[in-house]
There are 4 protein chains.
Amino acid sequence: MRRKETKERILEVALELFSERAYDNVSMEEIAKKVGLSKGGLFYHFSSKYELAKEALFYGFDQWAKTIFPKILSAKSPEDKFKALVDYSFEFILNNPKLSRFFLEVYEESIKHGNELEQWKGFYEEYLELFDSIFEELGVLNPRVRAILFGALLDGLTIHYLMAGEYFDIRDLKKEILEIFLTGRKA
Amino acid sequence: MRRKETKERILEVALELFSERAYDNVSMEEIAKKVGLSKGGLFYHFSSKYELAKEALFYGFDQWAKTIFPKILSAKSPEDKFKALVDYSFEFILNNPKLSRFFLEVYEESIKHGNELEQWKGFYEEYLELFDSIFEELGVLNPRVRAILFGALLDGLTIHYLMAGEYFDIRDLKKEILEIFLTGRKA
Amino acid sequence: MRRKETKERILEVALELFSERAYDNVSMEEIAKKVGLSKGGLFYHFSSKYELAKEALFYGFDQWAKTIFPKILSAKSPEDKFKALVDYSFEFILNNPKLSRFFLEVYEESIKHGNELEQWKGFYEEYLELFDSIFEELGVLNPRVRAILFGALLDGLTIHYLMAGEYFDIRDLKKEILEIFLTGRKA
Amino acid sequence: MRRKETKERILEVALELFSERAYDNVSMEEIAKKVGLSKGGLFYHFSSKYELAKEALFYGFDQWAKTIFPKILSAKSPEDKFKALVDYSFEFILNNPKLSRFFLEVYEESIKHGNELEQWKGFYEEYLELFDSIFEELGVLNPRVRAILFGALLDGLTIHYLMAGEYFDIRDLKKEILEIFLTGRKA
DNA sequence: AATGAATGAGGCTTCATTCAT
DNA sequence: CATGAATGAAGCCTCATTCAT
């Protein structure tokens, strides 16, 4: 109806639903209904549920990266960059608590579907690189390794936040993260 | 070999399958077949798929806790305890890469099913306590907060290991974890 | 409901419908309804539509072979055998005009489905052999080649009968077949 | 290159696809793509899939008749005509093995669609006539009946060729056909 | 304690067809 | 003439669950 934007509307709705509930618990029917489209219409734009999920994920990731990366990188000092990174990450976790689970699901689905694994590595590396570069600026000895840990921590927190959010005092967690991840730097 | 034992065999098989594939990707049929039982038989022992999954999860968790906790706690120094904790955790991650995902799934399923959320908190606390106590012995200032971070890191690593295991150098990761998590202790 | 016989009832209904309409024009829904079973029930007995069609075809073929072969072979002279063969074949064509089309369809479906082509050759040979042996008894010089022609002719007649049955004078056709196929025999 | 030509291009593509795969296994989408047209464009030229299939079939038949009939009829002796008929028929079978199946499908479809059965009889008669006239020239006693048999044999061979082509020795088959169909002629 | 048969709901996908532009 | 978007119906199949035996 409204030309080009239909596809984007679908992606938004899909991202929203997939981030709320598990891949298998969101039906094409439901997405279609929420977009205001027939099921067939969905398949006109995306060749399969998996394809839609994948594109929705990429769409969400792109949005996130485009918004957040520049803000982080524009901070003055390395320390401020890391602080900004932590701040934005927590904001993201709080707002998209199920996104990393969705990520995993789509990834697993991709394995079933003949997979284009390269794309996934690309993602992983892209955001690892951001962490890596910051840790390097900070003078951390093994920036890469610490970047991996930091990335894992974020996803782990996302998941635990879902299940035990009441235990979380965000302020305390942030402070503690700053403390332990800024440890052991070159003189 | 009857009575109780059938139930246990079911739990073992279920745990294995659920830990390998997602909740929705394991059918009762498949579990039954692998146990050597009919689908009907399964339902004699467990009232629903969800119930089976939950009990399988608890069963697995118990086994893990019973095996690992004593080993960790029997280490001499606090430092050795933490090292042991890290060692066993990595061993576990490598052997049960999908267990934490399964955990999350059952948790979410429990929300649909009228949920007994208390039980879940219990779990979370039980293993948080272990970490907490160790960090306390180590003289960490905010042992609880650090315990939360450590728990989250483990689950995060599990997930990332699934998706980007090639990037992982286990030895390096362990060393780095030891470095950052033993930081900032009382004099 | 009625134990074992359900499967056979399904086969009968399926054979009937598939012989009436094309493979793609018969739905599982319809078969189920006519059997008095739910769609799910069908899938309990047959793992897929193709599998059901294949078994239905085999079922039909078996019935035909079991009924007809002995009658043909019990005729006294070779000439009478051939006459009996022609008679029964026409009877069959008139009663099951779409069976050979169904045969072809299932065969083509089998190609899509990773195919067990050996089974099909088996069929073809089984009934070729019958023709072959009769032509041999009749002293035909190339019994095998003539058997192939005869088999093809039968299927061709079946199809043409569907489309232009009014042109067919069965009696004339039989007589002509007897004439041309008994030609050119050893002295 | 427009107007009429698009329509002809569609017919050619459709004929090709329909002759390769079954009616139900060729989608309008696929035809459109291969023609280099949108689905909508197809429907501009043909009011329905059935209509397209029917016209494609007629188109193919016309082409065949226009090319082959004259060649056959220009042979010197009746025997040579029949030989030419057999030769061209086999060539056609080998090149268009699924055409007769397509024919049947469109015919059946025509029954669903309120049908113009007369047209079909026309076809049947047109090519029966060719055979008929040749058999008459050859002095066969019941040329019409033999023509029916010959037509049926060709279609039967086409089908069997699809399923058991390895059993076919074309040369042998031709020789045998010549033998049996030239039998029983007026002195 | 267990089986086998069956149900019923829901899911993904395909596709001919329509129609505004 | 042709496109692109969308519909709606139908189809195959999966699966947790039930229940008579």
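Throughout, protein chains are lettered first and strands after them, A, B, ... in sequence-line order, and every chain is numbered starting at 1. Only a predicted model underlies this, so the values are computations on that prediction, with no experimental measurement involved.
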Round to a whole Å and report the spacing from [atom1] of [X] to [atom2] of [N].
X        : N      : atom1 : atom2 : answer
A:Phe46  : E:dG11 : CZ    : P     : 20 Å
B:Leu42  : F:dC19 : CG    : C1'   : 16 Å
C:Leu52  : F:dG11 : CG    : P     : 15 Å
D:Lys33  : E:dC15 : NZ    : P     : 11 Å
A:Ile31  : E:dT13 : CD1   : C1'   : 14 Å
A:Glu30  : E:dC12 : CD    : C1'   : 15 Å
C:Lys112 : F:dC12 : NZ    : P     : 12 Å
A:Tyr44  : F:dT3  : OH    : P     : 11 Å

Pair [X] + [Y]: basic N to acidic O under 4.0 Å:
X        : Y        : answer
C:Lys112 : C:Glu109 : yes
A:Lys33  : A:Glu29  : yes
D:Glu51  : D:Lys54  : yes

#### Entry: B:Phe18-B:Tyr23 aromatic ring centre distance below 6.0 Å
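Between B:Tyr23 and B:Phe18, which both carry aromatic rings, the centre distance is below 6.0 Å.
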### Message
Checking D:Glu55 against D:Tyr59: is there a side-chain donor and acceptor pair closer than 3.5 Å?
### Response
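No pair is found: no donor N or O on one side chain lies under 3.5 Å from an acceptor on the other.
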### Query
From E:dA6, F:dA2, E:dA2, pick the nucleotide closest to the side chain of D:Leu37?
F:dA2
### Task
Can you figure out which of F:dA2, F:dA6, E:dA2 approaches the side chain of D:His45 most closely?
F:dA2
### Query
In this structure, which one of D:Trp64, D:Trp120, D:Tyr124 forms a ring-ring contact (aromatic ring centres under 6.0 Å, His included) with D:Phe103?
D:Trp120
### Task
Please answer whether the main-chain N or O of A:Leu162 pairs with a side-chain N or O of A:Lys98 as donor and acceptor at a distance below 3.5 Å.
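No.
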### OP1 or OP2 of F:dA6 under 4.0 Å from side-chain N/O of A:Thr6
yes
#### Entry: Counterpart base for E:dA20, defined by Watson-Crick or G-U wobble contacts under 3.5 Å
F:dT3
### Query
With both distances under 3.5 angstrom, what nucleotide forms a Watson-Crick or G-U wobble pair with F:dA10?
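Matched F:dA10 with E:dT13 under the 3.5 Å cut-off.
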Taking only N/O atoms, report every protein-nucleotides 13-15 of chain F pair under 3.5 Å with atom names and distance.
| residue | atom | partner | partner atom | Å |
| --- | --- | --- | --- | --- |
| F:dC13 | OP2 | C:Lys49 | N | 2.7 |
| F:dC13 | N4 | C:Lys39 | NZ | 3.2 |

